[in-house]
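Everything on this sheet refers to the single structure shown next.
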Amino acid sequence: MTSSRFCAAFSRRHGAFCECLPVTVPGDTPRTRVRRIPEKAVRDVGALHAVLDAGLVAHVAVVQQGQPFVVPVGYARDGDTVLFHGSSKSRLFTALAAGAPTCFSVTLLDGLVLARSAFESSMHYRSVMVLGHCKPLDGDDKARALRAISDHLLPHRWDDIREPSAQESKATLVVSLSLSESSVKISNGPPDDVTSDVDRPVWAGVVPITEVFGAPVDAPDLLPGLTVPDYVQKWTR
Ligand SMILES: Cc1cc2nc3c(=O)[nH]c(=O)nc-3n(C[C@H](O)[C@H](O)[C@H](O)COP(=O)(O)OP(=O)(O)OC[C@H]3O[C@@H](n4cnc5c(N)ncnc54)[C@H](O)[C@@H]3O)c2cc1C
């Protein structure tokens, strides 16, 4: 099963980022089929997009000379790709841009599940894994991708700030990764204790975890008279 219609729709709207690989339903390839606790697998492209849109940080893996490295990065989803950037001097990003195979993962932690046994205690989460090869972006695609990443972290900010200079752009590698092979796992629900533990006189339940943005703090060298813009003050996700 594919959802290349998402791909085509995105291409029509925005042009360049889409690599036009057929987007399989999450968990639809042998290596992305969730085997452990498969009832937590979500085989839905909408859920894949929703988790990616809700996250701010991804972890990107690359193996170099047999050693796996995992790099945390900011990112954005654009249609059926994810976009992220790093230093042109980074050997890991250089390897990714050259097409090294990768696993891109986003995890949102939603709660602690306190069961009556250590074995059944767990977490509420939404997580995504994407497998594939990155593609380096240049020119207008690169500029649009940098804006997309900024817009994902904080919409409207790009319009206020200085755009990258030619030198800054040269120092930055921007890559896209198709969502063509992915998996989504979502864990929710109450503790799943074994019947023999339910009579134990110990509290069990879920402690939710939510994202909170604190009050903005002025830069020490802020020009006098400037106040926190509305889009920063009101930014919640
Ligand atoms: C916040 C958090 C905490 C966790 N803590 C633990 C822990 O302490 N111990 C533990 O064993 N497991 C934990 N998990 C679950 C863990 O991520 C794996 O799903 C689990 O260990 C099974 O791994 P596996 O390789 O045997 O799965 P398999 O089902 O064999 O993996 C097959 C395929 O399923 C997909 N897949 C597997 N796990 C995930 C996932 N989490 N998200 C998206 N796709 C996935 C991948 O495409 C993978 O290639 C945690 C998950 C999260 C998000």
Side-chain angles (χ1 to χ4, degrees), residues 6 9-10 13-18 45-60 70-88 90 92-93 96-97 104-111 125-128 130 134-179 182 184 208-237:
F6 288 100
F10 180 75
R13 274 203 316 277
H14 301 274
F17 300 137
C18 186
V45 174
L48 169 73
H49 289 181
V51 174
L52 291 171
D53 292 350
L56 289 178
V57 175
H59 288 84
V60 186
V70 176
V71 193
V73 294
Y75 71 95
R77 178 183 73 84
D78 251 304
D80 281 327
T81 63
V82 280
L83 310 164
F84 53 98
H85 66 84
S87 164
S88 303
S90 152
L92 300 180
F93 269 90
L96 286 170
F104 173 102
S105 170
V106 171
T107 301
L108 308 173
L109 187 57
D110 293 326
Y125 58 79
R126 290 163 284 159
S127 66
V128 158
V130 181
C134 296
K135 188 180 121 187
L137 299 177
D138 288 313
D140 288 349
D141 292 349
K142 182 174 180 177
R144 282 204 300 272
L146 288 171
R147 184 185 179 125
I149 295 167
S150 177
D151 282 349
H152 178 59
L153 298 176
L154 182 49
H156 310 298
R157 186 64 182 163
W158 192 263
D159 295 329
D160 272 1
I161 56 180
R162 178 176 64 75
E163 291 191 15
S165 65
Q167 200 175 356
E168 288 166 342
S169 183
K170 201 173 156 205
T172 309
L173 268 177
V174 184
V175 296
S176 70
L177 174 65
S178 164
L179 300 177
S182 69
V184 181
I209 297 175
T210 53
E211 178 184 85
V212 176
F213 282 26
V217 179
D218 288 346
D221 51 2
L222 189 74
L223 288 181
L226 287 181
T227 54
V228 181
D230 248 23
Y231 63 83
V232 173
Q233 198 80 264
K234 293 183 178 150
W235 177 226
T236 53
R237 300 179 331 123

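- Y75 places no side-chain N or O within donor-acceptor distance of the main-chain N or O of H59, the cut-off being under 3.5 Å.
- Checking D80 against H49 by side-chain atom types alone, a donor-acceptor pair falls below 3.5 Å.
- The minimum heavy-atom distance between H156 and D151, with the atom names listed, is N-OD1, 4.1 Å.
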- Mind running side-chain contact (heavy atoms from CB on, under 4.5 Å) on H85 and V175 for me, showing each step along the way? CA-CA 6 Å; H85 66 84; V175 296; over 6 Å; no

- Query: Yes or no on side-chain contact (heavy atoms from CB on, under 4.5 Å) for F93 and V73, after CA distance, side-chain angles and deciding distance?
  - Reply: CA-CA 11 Å; F93 269 90; V73 294; 3.6 Å; yes

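- When all heavy atoms are compared, the tightest approach of A148 to A76 is O-CB, 3.4 Å.
- Between the CG atom in L137 and the OG1 atom in T172 there is a gap of 12.5 Å [rounded to 0.5 Å].
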List the atom pairs, with distances to 0.1 Å, where a side-chain N or O of residues 208-219 and a protein N or O form a donor-acceptor pair under 3.5 Å, not counting sequence neighbours.
unit_1 : atom_1 : unit_2 : atom_2 : d
E211   : OE1    : R237   : NE     : 3.0
E211   : OE1    : R237   : NH2    : 3.2
E211   : OE2    : R237   : NH2    : 2.7

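- Among residues two or more places apart in sequence or in another chain, the side-chain hydrogen bond (donor to acceptor under 3.5 Å, both in side chains) test is passed with R157 by Y231.
- Salt bridge annotation for D230-K234: present, with a cationic side-chain nitrogen under 4.0 angstrom from a carboxylate oxygen.
- In this structure, CG on L92 lies 11.5 Å from CG on L173, to the nearest 0.5 angstrom.
- For the atom pair CZ of R126 and CG of L48, the computed distance is 13.0 Å after rounding to the nearest 0.5 Å.
- For the pair S88 (side chain) and K170 (backbone), a donor-acceptor distance under 3.5 Å is present.
- Pairing each heavy atom of S176 with each of L83, the nearest pair is CB-CD2, 3.6 Å.
- With respect to the salt-bridge test (charged N to carboxylate O, under 4.0 angstrom), the residues D78 and R147 do not qualify.
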- Tell me, with the steps shown, if L52 and L179 meet side-chain contact (heavy atoms from CB on, under 4.5 Å). CA-CA 10 Å; L52 291 171; L179 300 177; 3.8 Å; yes

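- Heavy atoms only, all atoms of each residue included: S169 and P164 are closest at N-CB, 4.3 Å.
- With values rounded to the nearest 0.5 angstrom, L154 atom CG is found 9.5 Å from D160 atom CG.
- S150 places no side-chain N or O within donor-acceptor distance of the main-chain N or O of L146, the cut-off being under 3.5 Å.
- Of all the heavy atoms in E168 and E163, the pair that sits closest is OE1-O, 4.2 Å.
- To the nearest 0.5 Å, the span separating OG on S182 from CG on L177 amounts to 10.0 Å.
- Here the shortest heavy-atom pairing between L108 and A54 reads CD1-CB, 3.6 Å.
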- Checking side-chain contact (heavy atoms from CB on, under 4.5 Å) for the pair L153/L56: CA distance, chi angles, key distance, verdict? CA-CA 7 Å; L153 298 176; L56 289 178; 3.7 Å; yes

